[in-house]
Number of protein chains: 2
Amino acid sequence: MFAEERRAAIVEILKGGNSVYVAELCKKFGVSEATIRRDLAVLERMRLLKRTHGGAVPTTFGLESSFEEKRVQNLDLKAMIGRAAASLVNDDETILLDAGTTTLQIALNLRGRRITVATNCIDVANAFIDDPAVEVWLLGGILRKKPRSLVGFLANEALNALHFDKVFLAANAVHVKLGATTPNMLEAETKRRMLMAGEEKILVSDHSKLGLGGICRICDLEELDLLITDIYADRGMASEIERKIKVLYAGEGGAIA
Amino acid sequence: MFAEERRAAIVEILKGGNSVYVAELCKKFGVSEATIRRDLAVLERMRLLKRTHGGAVPTTFGLESSFEEKRVQNLDLKAMIGRAAASLVNDDETILLDAGTTTLQIALNLRGRRITVATNCIDVANAFIDDPAVEVWLLGGILRKKPRSLVGFLANEALNALHFDKVFLAANAVHVKLGATTPNMLEAETKRRMLMAGEEKILVSDHSKLGLGGICRICDLEELDLLITDIYADRGMASEIERKIKVLYAGEGGAIA
DNA sequence: TTATAAGATGCATAAACGAGCAAAATCAAT
DNA sequence: ATTGATTTTGCTCGTTTATGCATCTTATAA
């Protein structure tokens, strides 16, 4: 592996929103800490990341990052779900991607594809910023600063005027009876509109959110066409869910129906 | 095998997204390392690959594009203009900020203020990502990846529904006769809509753009309320412009009328 | 504050590179 | 075929780059 490749891979890791440790990178690439530090130094000069004591964090391009570095939970699971979801997308389709860490993984797996992607998340839009193949539409709206999503009137109005082949929705909780839920009312409303704007409605959620209930209902599971979760989902709960909606289980090798 | 064939074959190998080693290519084609290096040099000049120590990687590797952080021209002047512009904004106002490096400087000088900012630029929105005081609205639209701005139908529709106390517009060229212009038609259309959505219409432009003409006209200078430029503006041109529009000259200490 | 982990710096080494030159291959005319 | 011009190729050698190690300095946390 070339230095160039290694550096690109480091940037790729950080694009998922995670921070990385020097030791972690050493192990992953089988090189010394000195080499990793040199890599991080050049990447920092390129503004592709920000070094910290022990590793590096993504650049929140702009200013001294307020990056509250809580690591993304279940990132590897989300990456698997992202790969599985991306594999469902065909060339020349129009895709609507919800805001969220899982949908960001879908975005990363769609880079280079000949598709049109609309989203209400600036991180998702940014995943394609150096990708000439993908046409990106950003829905407008009020900027929610924590999840970096756009919600509210502008987003809803924009969604009224648009239609997509597939919509990939994220939810904070997925429950057999309560359906898909989220803690924020504005988010819920925008998510409902997103569903309406999509031909094929796909919900993505790693297994940790299954069985949980939130405050604001987005929709019942019957209203959706497909749920993509991971192979660590509880079998009992899974079979209950499967009575209401088709489920895909993403794993190392690929997805199983 | 001809050199041409060999080079085509090398490009073909890289097309799959793989990297190649010089030694590997030597063996494969039965030629010396010097020959392979010459091939790689030729192909790199044709932008068909990117050389690394030991081999080459495909050009679509990502790092390169992010790396071209072309440095902003006249950044210090733009910062002065940004300070001057920001000083015109009052608390509780609603502000519309155009996309551009100068308007980004305005945004940086508005951090912490109790205002609402709408923009069609993700960099401007990001300037407030860690600022709880400023409420940010992002207009939707097609993401233009080089200037990182949002234009087109969604942006225009959103602007129809909104109204702001002040709009700060950026232009690529400002001319006494031709007015404010920009090279991109979609941008021009969205900028026109932005003007319509603002009560007070303010154009910002450092002196290097004065006297230049672009392809797409945004508006005549008479349609605007104020031009903010810097103190290095040519006096002759400045006095001509002043016959059509009020001008503010930003300098080290502050702005002079 | 001190203890500990992480980072910076200088140096050594091996691999890769670039330039120049000569040999070999190719081509264009006779 | 022969000759000469041009291009391509391979080789050598001095230079550069990438990397790891040892040592010294700095940052973080108890």
Whether over 12 other heavy atoms sit under 6.0 Å from [X] [atom1]:
| X | atom1 | value |
| --- | --- | --- |
| A:E252 | CD | no |
| B:M46 | CE | no |
| A:Y232 | OH | no |

Could you grab the distance from atom [atom1] of [X] to atom [atom2] of [Y], nearest 0.5 Å is fine?
| X | Y | atom1 | atom2 | result |
| --- | --- | --- | --- | --- |
| B:F29 | B:R7 | CZ | CZ | 11.5 Å |
| A:L248 | A:I81 | CG | CD1 | 10.0 Å |
| A:L49 | A:L43 | CG | CG | 5.0 Å |

Would you mind reading off the distance between [X] atom [atom1] and [N] atom [atom2], rounded to a whole angstrom?
| X | N | atom1 | atom2 | value |
| --- | --- | --- | --- | --- |
| A:H53 | D:dT25 | NE2 | P | 16 Å |
| A:R6 | D:dT17 | CZ | P | 16 Å |
| A:E33 | D:dT23 | CD | P | 17 Å |
| A:F29 | D:dA18 | CZ | C1' | 16 Å |
| B:R7 | D:dT7 | CZ | P | 13 Å |
| A:D39 | D:dT19 | CG | C1' | 10 Å |
| B:F2 | D:dT9 | CZ | C1' | 15 Å |

Choose from D:dG20, D:dT9, D:dA18 the nucleotide whose nearest atom is closest to any side-chain atom of B:T35.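 Nucleotide nearest to B:T35's side chain: D:dT9.
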
If you find the nucleotide of DNA chain C closest to B:A23 and the one closest to B:A34, which residue's nucleotide is nearer the 5' end?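 Looking at DNA chain C, the more 5' nearest nucleotide goes with B:A23.
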
Go through the steps to decide whether A:L143 and B:I129 satisfy the test side chain to side chain contact (heavy atoms under 4.5 Å, CB included), and finish with yes or no. CA-CA 8 Å; A:L143 178 62; B:I129 197 74; 3.9 Å; yes

With the side chain counted from C-beta on, respond yes when A:F168 and A:T102 share a heavy-atom pair under 4.5 Å apart, and no when they do not.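 Contact flag for A:F168/A:T102 side chains = no.
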
For the helix from C:dT1-D:dA30 to C:dT30-D:dA1, figure out the bend between the end axes, five pairs an end, and round to 10 degrees.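 So the angle between the two local helix axes works out to 50°.
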
Assess, by modelled atom type and distance only, whether the side chains of A:E187 and A:T182 contain a donor and an acceptor separated by less than 3.5 Å.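 Side-chain D/A pair, A:E187 to A:T182: absent.
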
Any N or O donor-acceptor pair under 3.5 Å from the base of D:dG20 to the side chain of A:R38?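 Pair found.
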
When you list every nucleotide of DNA chain C with an atom under 4.0 Å from a heavy atom of chain B, which one comes first 5' to 3', and which comes last?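 Contacts span C:dA16 to C:dG18, reading 5' to 3'.
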
Base, sugar-phosphate alone, or nothing: which one does A:R51 contact when heavy atoms must sit under 4.0 Å apart?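 Touches sugar-phosphate only.
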
